[in-house]
Q: 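Quick one: structure below, then a few questions.
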Amino acid sequence: MSTTKSRREQYSEATRTALLAAATRRFAEHGFAGTSLEDIAGDIQATRGAIYHHYSSKSALFTAVFEQLEIEVMALSDAAAEQASDPWSAAFAALDAFLERSCDPVYGRIVWIEAPAALGLVHWQLAGQDLAYRHVERRIRVLIDSGTIEPLPLESLTRVLYSALGAAGMALAEATDEDKPRLKAEYVAVISRMVSALRTSPDPAVRDV
């Protein structure tokens, strides 16, 4: 009995993984409005009922895709930061990873272009606060606790920088492929200048970004 249950669970998890992958492709290529559950089910040779077994609606499936993409970009940012030698360099390594991901057509369209309409503006903002906002707050807390930047009020500083990152992500998602490298470099320069003004006594060994 336990073996049968284990196999069933493995099949269910495999189906869920396939659904998320197919839905991600569809939402990125055709948008939320242009994608149907029948399209997604057909891509993995499943039934619409198989989707409802895992997700109650197309909106619920989109939410799962959105959250998976956000979790992935935070993991990429953390991995980039872990390679840095100090908190300042780590913060900008994380920033670079986030901006690079925002240039990706899949992440950019789903998270920045489709999500506000698919989830509703309020839900989209709340989802971002639950996921990305806390990630930014944690990175800023490290900069403050290490004495790298001035100890300004954490919540206010996080909101300002979180808004700046959101503006950068949206701009990169909407930009043409030709313009993305230039825009990315410009946003790195602008955000760097903003945060540099908060530094305490800069360590000459730590390069400005």
Q: Looking at CD1 of I40 and CG of L61, how far apart are the two atoms once the value is rounded to the nearest 0.5 Å?
A: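 Answer rounded to 0.5 Å: 5.0 Å.
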Q: So that I can tick it off, tell me whether E186 and R182 are bridged by a salt bridge, with the cut-off set at under 4.0 angstrom between side-chain N and carboxylate O.
A: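 Here R182 pairs with E186 in a salt bridge, since their nearest N and O are under 4.0 Å apart.
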Q: When rounded to the nearest 0.5 angstrom, what is the spacing between CD1 in I144 and CD in E137?
A: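 That separation rounds to 9.5 Å.
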Q: Using 0.5 Å steps for rounding, measure from the CG atom of L157 to the CD1 atom of I140.
A: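 L157 CG to I140 CD1: 4.5 Å, rounded to 0.5 Å.
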Q: Salt bridge or not for R26 and D43, using N-O below 4.0 Å?
A: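 A salt bridge is present here (some side-chain N lies under 4.0 Å from a carboxylate O).
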Q: Which pair of heavy atoms, one from M74 and one from L131, lies closest together, and at what distance?
A: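 Residues M74 and L131, closest heavy atoms: SD-O, 3.4 Å.
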Q: Does any non-hydrogen side-chain atom of D78 lie less than 4.5 Å from one of R138?
A: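 Yes - at least one pair of side-chain heavy atoms lies under 4.5 Å apart.
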Q: Look at K184 together with D96 and state whether they make a salt bridge at an N to O cut-off of under 4.0 Å.
A: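 Looking at K184 and D96, the cut-off is met.
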Q: Do E72 and Y107 get their side chains close enough for a donor-acceptor pair, meaning under 3.5 Å?
A: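 Absent: no donor and acceptor within the cut-off.
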Q: Quick one: ring pair (Phe, Tyr, Trp, His ring centres under 6.0 Å) pairs with a partner in residues 147-190, sequence neighbours left out?
A: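 Residue pairs passing ring pair (Phe, Tyr, Trp, His ring centres under 6.0 Å), neighbours aside: Y133-Y162.
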Q: State the CZ-OG1 distance between R199 and T148, to the nearest 0.5 angstrom.
A: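 Going from the CZ atom of R199 to the OG1 atom of T148 covers 7.0 Å.
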Q: What is the ring orientation for F66 with F62, classed by angle as parallel under 30°, tilted 30 to 60°, or perpendicular over 60°?
A: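 Answer is parallel, since the angle falls under 30°.
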Q: Could you work out, with side chain to side chain contact (heavy atoms under 4.5 Å, CB included) as the rule, every residue matching A84, not counting sequence neighbours?
A: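 With neighbours one apart ignored, the set is S89, A90.
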Q: Could you list the residues that satisfy side chain to side chain contact (heavy atoms under 4.5 Å, CB included) with A60, not counting sequence neighbours?
A: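 Here the qualifying residues are Y55, S56, S57.
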Q: To the closest 0.5 Å, what do you measure between OG1 (T158) and CZ (R141)?
A: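 It comes to 8.0 Å.
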Q: Looking only at non-hydrogen atoms, find the nearest pair between A18 and I44 and report the distance.
A: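 Taking A18 first and I44 second, the nearest heavy atoms are O-CG2, 3.7 Å.
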